[in-house]
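Comments concern the structure below.
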Amino acid sequence: MGTERPEGANRAGESPETVALPTDADSDTAVTEEGSELERSIGLVGGVSIGVGTMIGAGIFVFPGLAAGEAGPAAAASFAIGAVIALLVALPASELATAMPKSGGGYYFISRGLGSLPGAVVGISIWLGLVFATAFYLVSFGSYAAALLAEAGVRIGGLPVVDALALGFGLLLTALNLFGTENAAKLQNYVVGLLLTILVVFLSYGGLDALGVFGTTSTPETFMPFGLMPVFSTAALVFTSYLGFAQVATVAGDIKDPGRNLPLAMVGSVLIVAVLYVSTIFVATSAFGSGRLSGFGETAIVEVARAFGGDVGALTILIGGLLATVSSANASILSTSRAVFAVSKDALLPQFASRVNLQYGTPHVALSMAGGPVLVLVALGEVELLAEVASFLHLVMYGLICVALIAMRRDEPEWYDPEFRVPAYPLVAGIGALASFGLIAFMERESQIIGAAIMIAAAGWYKYYADDVRLKGVL
């Protein structure tokens with residue numbers, strides 16, 4: 001195996017910008033990343049848009065009714081707990097990102113901090129996990145598009161039409177990313193900007209209504225009607241809403257001024273969506289009460305909007321849901337391709353996947369390895385389970401990111417010089433790791449089994465294809 005893999009050995013503690021692989025040859029050749037670097041074309045606003053755009057989705061458009069049924073008005077506290085856990089991971093990820101602002105994010109940090117085997121398992125798993133998540137977003141896009149047309153009085157066919165809408169838009173987003181990262185970033189900025197405008201107007205009106213400014217009275221409700229434990233179990237359920245901030249680190253190789261913009265984008269995106277999530281639960285439970293809200297299920301927020309603004313309100317929030325799926329799918333395709341790009345540059349996947357299109361400056365092979373499987377999954381349908389598997393794989397990565405920070409700080413190689421350092425890092429990273437791994441226990445057993453099987457398969461690929469890979473910077 002490995003006819004395309006370069007020759008050479010390396011020493012621990014050298015710059016992580018270089019990869020060398022031992023072979024049977026006597027000569028040593030170091031292969032640097034120069035010549036295959038991506039253009040840094042995404043600024044702070046673009047970075048925040050990727051994080052926010054990936055996270056705004058289920059937390060607002062799916063979970064309010066489900067969470068209110070589990071924890072009552074205290075579901076707002078569940079979202080707040082999820083935000084705290086996300087911040088405990090975002091801070092270590094921010095430090096590692098400023099020390100290693102390379103495409104691949106969590107894969108790059110873990111491979112350099114813990115070794116090539118954990119890195120390969122995470123890198124391949126996150127590639128597949130993001131493919132699953134992107135397929136879920138695209139199917140959701142098709143569903144929202146169909147619901148939006150139905151709300152506007154345009155009746156279309158059933159599932160085949162929804163799948164066709166999802167497939168067509170998936171092709172469009174993949175092509176947009178292929179023809180330039182800056183194009184994809186501009187779309188992300190516009191979509192997230194419009195989405196945030198809709199949500200801020202909706203939540204502002206709903207908040208004033210809940211406070212009685214418009215003369216509406218709401219029935220007072222016990223904040224924690226089901227006790228304390230449902231608050232924590234609901235936090236595990238809704239934490240999947242916070243699984244997007246690390247996508248900023250995945251595209252770190254595209255970010256301008258990474259030492260400043262990466263920490264601001266990751267931490268800032270978590271704080272923004274946390275405020276939106278908590279506000280949404282407050283507005284929704286104030287409008288209907290948790291019992292009635294729970295009866296609406298996954299369409300609860302649409303009914304809340306209908307109560308505030310009639311059919312126009314429902315139509316507007318459906319547009320918001322459509323925009324949320326667009327932003328999540330676009331950011332995920334971008335992040336998936338960067339994960340493939342980073343893993344293949346390290347020769348853990350065939351290195352042709354790290355080729356960069358000279359005209360557009362984009363990793364065209366990696367993009368095809370991102371978009372192609374997504375379209376296949378969309379065509380096959382049944383992607384809801386795979387979305388939770390993606391959450392499982394992300395939680396594993398988040399926990400290992402925290403462990404990687406502890407390892408880096410313990411050994412402190414010469415090249416490790418982050419512009420941002422986590423205060424009280426052992427406590428922050430330790431709690432972040434425990435919380436990430438702990439939340440996995442609250443997931444469905446089937447998702448746990450599939451996620452574990454994917455990781456075992458990734459480890460098997462590494463042993464078969466890349467067991468001789470030694471990454472410079474690994475201690």
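Remember, it's a predicted structure, so these values are computed and weren't measured experimentally.
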Restricting to ring pair (Phe, Tyr, Trp, His ring centres under 6.0 Å), what partner residues turn up for [X], sequence neighbours left out?
{"X": "F392", "answer": "none"}
{"X": "F420", "answer": "none"}
{"X": "F169", "answer": "F141"}
{"X": "F296", "answer": "F288"}

Q.
Taking CZ in F223 as the centre, count heavy atoms belonging to other residues, nucleotides or ligands within less than 6.0 Å. Is the count above 12?
A. yes
Does any N or O in the side chain of [X] come within less than 3.5 Å of the main-chain N or O of [Y], such that one atom is a donor and the other an acceptor?
{"X": "S241", "Y": "I56", "result": "no"}
{"X": "Y425", "Y": "L91", "result": "no"}
{"X": "Q188", "Y": "S49", "result": "yes"}
{"X": "S368", "Y": "V365", "result": "yes"}
{"X": "T234", "Y": "V231", "result": "no"}
{"X": "T134", "Y": "A329", "result": "no"}
{"X": "S233", "Y": "P230", "result": "yes"}
{"X": "S290", "Y": "G72", "result": "no"}

Gap separating the [atom1] atom of [X] from the [atom2] atom of [Y], nearest 0.5 angstrom:
{"X": "R421", "Y": "L405", "atom1": "CZ", "atom2": "CG", "result": "9.0 Å"}
{"X": "I60", "Y": "I301", "atom1": "CD1", "atom2": "CD1", "result": "7.5 Å"}
{"X": "I110", "Y": "I401", "atom1": "CD1", "atom2": "CD1", "result": "5.0 Å"}
{"X": "I454", "Y": "S125", "atom1": "CD1", "atom2": "OG", "result": "6.5 Å"}
{"X": "I42", "Y": "L262", "atom1": "CD1", "atom2": "CG", "result": "10.0 Å"}
{"X": "F109", "Y": "L114", "atom1": "CZ", "atom2": "CG", "result": "12.5 Å"}

Is there a side-chain contact between [X] and [Y], using heavy atoms and a 4.5 Å cut-off?
{"X": "S94", "Y": "P418", "answer": "no"}
{"X": "L400", "Y": "Y107", "answer": "no"}
{"X": "F341", "Y": "V356", "answer": "yes"}
{"X": "N177", "Y": "N330", "answer": "yes"}
{"X": "V275", "Y": "S279", "answer": "yes"}
{"X": "P101", "Y": "I255", "answer": "no"}
{"X": "S337", "Y": "M369", "answer": "no"}
{"X": "Y190", "Y": "L194", "answer": "no"}

Work out which heavy atom in [X] is nearest to a heavy atom in [Y]; give both atom names and the distance.
{"X": "L393", "Y": "G451", "value": "CD2-O, 3.7 Å"}
{"X": "P225", "Y": "A71", "value": "CD-O, 3.8 Å"}
{"X": "I85", "Y": "A435", "value": "CG2-CB, 3.7 Å"}
{"X": "A353", "Y": "S344", "value": "C-OG, 3.4 Å"}
{"X": "A433", "Y": "G399", "value": "CB-O, 3.7 Å"}
{"X": "A331", "Y": "T54", "value": "CB-OG1, 3.0 Å"}

(Q) Against Y144, only a single residue in L165, L322, L323 fulfils side chain to side chain contact (heavy atoms under 4.5 Å, CB included); can you say which? (A)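 In the set L165, L322, L323, the residue that makes a side chain to side chain contact (heavy atoms under 4.5 Å, CB included) with Y144 is L322.
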Q: Could you point out which residue of V191, L195, L138 forms a side chain to side chain contact (heavy atoms under 4.5 Å, CB included) with V326?
A: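 Of all the options given, the one that passes is V191.
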**Q.** Whether F239 and Y242 hold their rings parallel, tilted or perpendicular, with breakpoints at 30° and 60°
**A.** tilted
Q: For the pair Y277 and F79, name the ring-plane relationship: parallel under 30°, tilted 30 to 60°, perpendicular over 60°.
A: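 If you compare the ring of Y277 with that of F79, the planes turn out tilted.
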Q.
Walk me through whether L167 and L171 qualify under side-chain contact (heavy atoms from CB on, under 4.5 Å).
A. CA-CA 6 Å; L167 281 169; L171 281 169; 5.7 Å; no
Q.
For S269, give me all partners under side-chain contact (heavy atoms from CB on, under 4.5 Å), at least two apart in sequence or on another chain.
A.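 Counting only residues at least two positions away or on another chain, S269 forms a side-chain contact (heavy atoms from CB on, under 4.5 Å) with V52, M55, F245.
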Q: Could you walk me through whether V192 and L196 pass the side-chain contact (heavy atoms from CB on, under 4.5 Å) test, one step at a time?
A: CA-CA 6 Å; V192 171; L196 289 178; 3.9 Å; yes
Q) Of all residues at least two apart in sequence or in a different chain, which pass the side chain to side chain donor-acceptor pair (under 3.5 Å) check with Q448? A) R445
Q: Run the numbers on T316 and F202 for side-chain contact (heavy atoms from CB on, under 4.5 Å), then give the verdict.
A: CA-CA 9 Å; T316 302; F202 165 69; over 6 Å; no
Q: May I have the step-by-step check of side-chain contact (heavy atoms from CB on, under 4.5 Å) for T336 and W127, ending in yes or no?
A: CA-CA 6 Å; T336 308; W127 164 32; 3.6 Å; yes
